[in-house]
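For reference, the structure discussed in these notes is given below.
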Amino acid sequence: MGTSYASFCDDWYINLRLGTQMPLPQERETVLHFCQRIKKEFPGMTRFRRSDAGEINLEEDRTGESHRWLSFEPKRLACGHVNPTDVESALKLHYTVMDLAPSFLGLTTLEIEHIDIVLGFDLTCQQNHDEVLAESLLGDSPLLSFATEADTSVLELCPAITFTVSPDRLTQARIDVVPRSPQPMGRGGEFPEDTISVYLAVRRYIHGNDANAMFAGKGESSLQPLITELSERCNHLAARHVVPKIVQPIASTIARRS
């Protein structure tokens with residue numbers, strides 16, 4: 001059975017991001033040819049947009065509970081699947097995009113700077129997000145010593161930390177917890193409903209032997225093993241640390257304060 005995180009949050013998603021040293025092609029024919037090829041594999045991806053800033057997007061209907069998306073900017077190619085059946089089904093889009101990018105976009109090993117796999121978790125909260133995070137994650141931490149003073153409350157708390165997770169320090173994991181509640185509205189101190197997001201990103205900087213090995217063979221893209229490896233590491237960290245020690249405590253605090 002595939003891995004799913006649907007029971008721990010309101011929405012979850014797994015994204016892939018590839019950063020490049022050189023700008024990706026933006027010519028009309030190249031862009032449309034690539035997007036048409038993606039659409040052939042995923043027929044629901046019919047919404048095509050190009051922003052004034054030059055970002056290109058191809059996505060499924062976002063009104064559904066689950067949807068896929070693709071975007072590319074001058075130096076970043078990204079795709080994701082929101083609320084997939086499981087991680088394994090979401091990776092089908094990632095594999096397809098990375099298989100097609102070398103031939104359709106002229107992507108070469110020399111220009112790849114890094115590849116990320118990102119697991120995201122959204123939790124709906126109609127409370128002071130910063131106070132929810134302080135209660136969930138900091139507890140009696142010395143960082144909260146100010147909270148013992150009269151007339152104090154947590155105003156801004158955006159925890160983030162980055163680790164190296166390989167001996168060569170080229171594979172890194174980063175956790176970001178992002179609150180979104182504004183200042184309370186009116187004298188009643190009411191907060192609008194919005195989401196607290198938890199992001200776990202595992203990044204591999206492409207260097208030396210990594211670059212030499214990519215696209216070396218024929219048939220299956222040699223990026224697939226790296227994407228699989230990053231995904232497995234991301235899921236391991238999520239299952240062992242992020243979900244039980246960050247996502248679930250936040251969800252419990254939201255439920256308790258509701």
Side-chain angles (χ1 to χ4, degrees), residues 3-19 55 57 59 62 65-73 75-84 86-91 93-94 97 113-125 127 129-138 154 156-166 170-182 193-205 226-254:
T3 303
S4 175
Y5 298 98
S7 61
F8 302 110
C9 53
D10 295 295
D11 294 296
W12 72 282
Y13 33 92
I14 179 166
N15 303 338
L16 180 144
R17 302 182 302 208
L18 182 145
E55 180 179 352
N57 295 276
E59 59 189 22
R62 286 179 175 263
E65 181 178 348
S66 176
H67 66 269
R68 300 176 180 88
W69 60 268
L70 164 73
S71 74
F72 52 105
E73 305 167 30
K75 291 187 178 182
R76 188 173 80 163
L77 177 63
C79 59
H81 195 161
V82 179
N83 294 322
D86 49 47
V87 169
E88 290 72 15
S89 63
L91 291 180
L93 172 63
H94 303 354
V97 170
E113 181 186 54
H114 64 266
I115 297 177
D116 299 338
I117 290 290
V118 183
L119 267 175
F121 308 89
D122 287 348
L123 300 102
T124 303
C125 180
Q127 303 168 39
H129 290 190
D130 302 289
E131 289 188 348
V132 167
L133 295 184
E135 181 179 332
S136 306
L137 305 180
L138 296 184
V154 179
E156 183 177 359
L157 179 63
C158 301
I161 187 169
T162 302
F163 304 89
T164 60
V165 291
S166 66
L170 295 176
T171 305
Q172 301 175 5
R174 179 178 175 88
I175 300 169
D176 288 273
V177 185
V178 181
R180 292 188 175 86
S181 61
E193 185 176 88
D194 211 330
T195 56
I196 296 174
S197 295
V198 178
Y199 303 110
L200 169 63
V202 176
R203 168 175 292 188
R204 177 70 185 182
Y205 286 97
L226 179 58
I227 294 170
T228 301
E229 176 188 341
L230 294 177
S231 175
E232 290 175 349
R233 188 181 291 265
C234 198
N235 279 288
H236 170 76
L237 294 173
R240 188 170 182 179
H241 301 286
V242 176
V243 169
K245 299 176 183 178
I246 298 178
V247 176
Q248 288 182 302
I250 294 173
S252 297
T253 301
I254 293 172

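Throughout, numbering of the chain's residues begins at 1 and tracks the sequence. Bear in mind that the values here come from a model prediction, so they are computed numbers and not experimental data. Values reported hereafter were calculated over all heavy atoms of this structure, with side chains retained and with hydrogens, waters and symmetry mates removed.
- Scanning both residues, V165 and R233, for their nearest heavy atoms gives O-NH1, 2.9 Å.
- When side chains are defined from C-beta on, L119 counts as touching W12, because their heavy atoms get closer than 4.5 Å.
- Contact check for T164 versus T171: no side-chain heavy atoms found under the 4.5 Å cut-off.
- Counting heavy atoms from C-beta outward, V202 and Q172 have side chains that stay 4.5 Å or more apart.
- The shortest distance between side-chain heavy atoms of D130 and S181 falls below 4.5 Å.
- Contact check for F8 versus Q248: side-chain heavy atoms found under the 4.5 Å cut-off.
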Could you walk me through whether D10 and T124 pass side-chain hydrogen bond (donor to acceptor under 3.5 Å, both in side chains), step by step?
CA-CA 7 Å; D10 295 295; T124 303; 3.2 Å; yes

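- When only modelled atom types and interatomic distance are considered, R76 and S71 share no side-chain donor-acceptor pair under 3.5 Å.
- Rounded to the nearest 0.5 angstrom, R204 CZ and E113 CD are separated by 13.5 Å.
- Two residues are said to be in side-chain contact when any heavy atoms from C-beta on lie closer than 4.5 Å; H241 and I246 fail this criterion.
- By the 6.0 Å contact criterion, CD on E156 is open, its count of non-hydrogen atoms from other residues, nucleotides or ligands being 12 or less.
- Across every non-hydrogen atom of L200 and C234, the tightest pair is CD2-O, 3.3 Å.
- The CG atom of D122 lies 6.0 Å from the OH atom of Y199; values are rounded to the nearest 0.5 Å.
- Looking at every heavy atom in both residues, V247 comes nearest to L123 through O-CD2, 3.9 Å.
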Could you please spell out the steps behind the side-chain contact (heavy atoms from CB on, under 4.5 Å) verdict for D176 and R174?
CA-CA 7 Å; D176 288 273; R174 179 178 175 88; 2.8 Å; yes

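- Contacts of N235 classified as side chain to side chain donor-acceptor pair (under 3.5 Å), with partners at least two apart in sequence or in another chain: Y5, S231.
- Using modelled atom types, one finds no donor on one side chain facing an acceptor on the other under 3.5 Å when comparing T3 with D86.
- Between R68 and L93 the shortest heavy-atom distance is CB-CD2, 3.9 Å.
- H114 contributes no side-chain N or O that, together with a main-chain N or O of R203, makes up a donor-acceptor pair within less than 3.5 Å.
- A salt bridge links D116 with R17: at least one charged nitrogen is closer than 4.0 Å to a carboxylate oxygen.
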For side-chain contact (heavy atoms from CB on, under 4.5 Å), just list the numbers for L16 and I117, CA-CA rounded to whole Å, side-chain angles, deciding distance to a tenth of an Å, and then say yes or no.
CA-CA 5 Å; L16 180 144; I117 290 290; 4.0 Å; yes

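- Minimum interatomic distance between C158 and P179 (heavy atoms only, all atoms of both residues): SG-CD, 3.8 Å.
- Residues S66 and H81 bring a donor and an acceptor atom of their side chains to less than 3.5 Å of each other.
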Take V178 and R180 through the side-chain contact (heavy atoms from CB on, under 4.5 Å) test and state the conclusion after the steps.
CA-CA 7 Å; V178 181; R180 292 188 175 86; 4.2 Å; yes

What verdict does the side-chain contact (heavy atoms from CB on, under 4.5 Å) test give for I250 and V198, after you've listed the backbone C-alpha separation in whole Å, the side-chain angles of each residue and the deciding distance to 0.1 Å?
CA-CA 10 Å; I250 294 173; V198 178; 4.0 Å; yes

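- If you take OG1 on T228 and NE2 on H94, they are separated by 10.5 Å, rounding to the nearest 0.5 Å.
- Between D194 and C125 there is no side-chain heavy-atom pair separated by less than 4.5 Å.
- For the salt bridge (Lys or Arg N to Asp or Glu O under 4.0 Å) test, residues two or more places apart in sequence or in another chain that qualify with E59 are R47, R49, R62.
- One finds the CG atom of N83 at 12.5 Å from the CD1 atom of I14 (value rounded to the nearest 0.5 Å).
- Residue S197 holds its OG atom at 11.0 Å from CZ of F121, rounded to the nearest 0.5 Å.
- Note that the CG atom of L157 and the CG atom of L137 stand 7.5 Å from one another [nearest 0.5 Å].
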